[in-house]
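Everything below concerns the one structure shown next.
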Amino acid sequence: MSDLQLYNEISTLPDNLKREVEDFVQFLKIKHKDKNKLEKREFGHFKGLITMSPDFDEPLEDFKDYM
(Lines give C-alpha, C1' and ligand atoms only; values in the text may rest on other atoms or scores of the structure.)
Protein backbone atom coordinates (compact mmCIF):
# COMPACT_ATOMS: atom_id res chain seq x y z
CA MET A 1 0.00 0.00 0.00
CA SER A 2 1.44 3.37 -0.97
CA ASP A 3 1.60 6.34 1.37
CA LEU A 4 -1.16 8.04 -0.57
CA GLN A 5 -3.44 5.00 -0.34
CA LEU A 6 -2.75 4.74 3.38
CA TYR A 7 -3.50 8.42 3.84
CA ASN A 8 -6.78 8.05 1.93
CA GLU A 9 -7.80 5.09 4.08
CA ILE A 10 -7.01 6.93 7.29
CA SER A 11 -8.82 10.06 6.16
CA THR A 12 -12.07 8.09 5.83
CA LEU A 13 -11.97 6.98 9.47
CA PRO A 14 -13.97 8.70 12.21
CA ASP A 15 -11.99 10.96 14.57
CA ASN A 16 -11.81 8.47 17.43
CA LEU A 17 -10.23 5.86 15.14
CA LYS A 18 -7.83 8.41 13.71
CA ARG A 19 -6.59 9.01 17.27
CA GLU A 20 -6.08 5.25 17.66
CA VAL A 21 -4.07 5.19 14.44
CA GLU A 22 -2.00 8.10 15.73
CA ASP A 23 -1.34 6.25 19.01
CA PHE A 24 -0.37 3.12 17.12
CA VAL A 25 2.05 5.05 14.90
CA GLN A 26 3.69 6.52 18.02
CA PHE A 27 3.92 3.01 19.49
CA LEU A 28 5.61 1.71 16.33
CA LYS A 29 8.12 4.56 16.37
CA ILE A 30 9.05 3.83 19.99
CA LYS A 31 9.23 0.10 19.33
CA HIS A 32 11.50 0.64 16.33
CA LYS A 33 13.70 3.07 18.29
CA ASP A 34 14.07 0.56 21.17
CA LYS A 35 14.86 -2.25 18.70
CA ASN A 36 17.71 -0.23 17.22
CA LYS A 37 18.99 0.54 20.70
CA LEU A 38 19.14 -3.18 21.57
CA GLU A 39 21.02 -4.02 18.40
CA LYS A 40 23.79 -1.59 19.33
CA ARG A 41 24.65 -3.36 22.59
CA GLU A 42 28.21 -4.45 22.99
CA PHE A 43 29.10 -8.00 24.04
CA GLY A 44 30.80 -8.11 27.44
CA HIS A 45 29.63 -4.65 28.45
CA PHE A 46 29.17 -5.67 32.11
CA LYS A 47 32.27 -7.87 32.30
CA GLY A 48 33.79 -7.60 35.76
CA LEU A 49 30.79 -5.81 37.25
CA ILE A 50 28.79 -8.91 38.16
CA THR A 51 30.20 -11.59 40.44
CA MET A 52 28.77 -14.78 41.90
CA SER A 53 29.57 -16.01 45.36
CA PRO A 54 31.62 -19.23 45.60
CA ASP A 55 28.74 -21.06 47.31
CA PHE A 56 26.20 -20.10 44.63
CA ASP A 57 25.28 -23.73 43.84
CA GLU A 58 24.99 -24.79 47.48
CA PRO A 59 21.49 -25.41 48.90
CA LEU A 60 19.97 -22.53 50.83
CA GLU A 61 19.45 -22.88 54.56
CA ASP A 62 15.84 -21.72 54.13
CA PHE A 63 15.04 -24.85 52.10
CA LYS A 64 16.92 -27.28 54.33
CA ASP A 65 13.63 -28.78 55.64
CA TYR A 66 12.45 -29.57 52.13
CA MET A 67 15.53 -31.42 50.97
Side-chain angles (χ1 to χ4, degrees):
M1 181 178 280
S2 71
D3 290 348
L4 185 56
Q5 289 171 322
L6 183 59
Y7 175 78
N8 288 335
E9 288 293 323
I10 293 171
S11 66
T12 63
L13 294 173
D15 287 343
N16 64 328
L17 293 180
K18 286 179 184 178
R19 283 190 293 277
E20 283 190 40
V21 170
E22 181 184 8
D23 290 343
F24 185 66
V25 168
Q26 293 303 320
F27 164 76
L28 290 176
K29 285 181 176 181
I30 292 169
K31 179 181 170 186
H32 181 70
K33 180 181 175 185
D34 289 345
K35 181 180 176 189
N36 287 340
K37 185 185 285 187
L38 292 177
E39 290 174 0
K40 294 177 184 176
R41 287 186 179 176
E42 202 175 305
F43 181 75
H45 184 74
F46 288 106
K47 185 176 181 179
L49 297 177
I50 300 172
T51 58
M52 293 173 57
S53 64
D55 64 345
F56 177 78
D57 290 328
E58 300 298 320
L60 298 174
E61 288 292 324
D62 295 343
F63 295 110
K64 186 172 146 183
D65 296 337
Y66 301 103
M67 301 184 91

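Distance check: Q5 CD to E9 CD gives 8.0 Å after rounding to the nearest 0.5 Å. Going from atom CD of E22 over to atom CD1 of I10 covers 10.5 Å, rounded to the nearest 0.5 Å.
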| task | Apply side-chain contact (heavy atoms from CB on, under 4.5 Å) to H32 and L28, showing your working. | result | CA-CA 6 Å; H32 181 70; L28 290 176; over 6 Å; no

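For D23, the CG atom is densely surrounded, since the number of other residues' heavy atoms within 6.0 Å is greater than 12.
Under a hydrophobic clustering in which Ile, Leu, Val, Met, Phe, Trp and Tyr are joined whenever their side-chain heavy atoms come within less than 4.5 Å, directly or via other members, L60 and Y66 fall into the same cluster. Under the 4.5 Å side-chain heavy-atom criterion for grouping Ile, Leu, Val, Met, Phe, Trp and Tyr, V21 is connected to M1 within one hydrophobic cluster.
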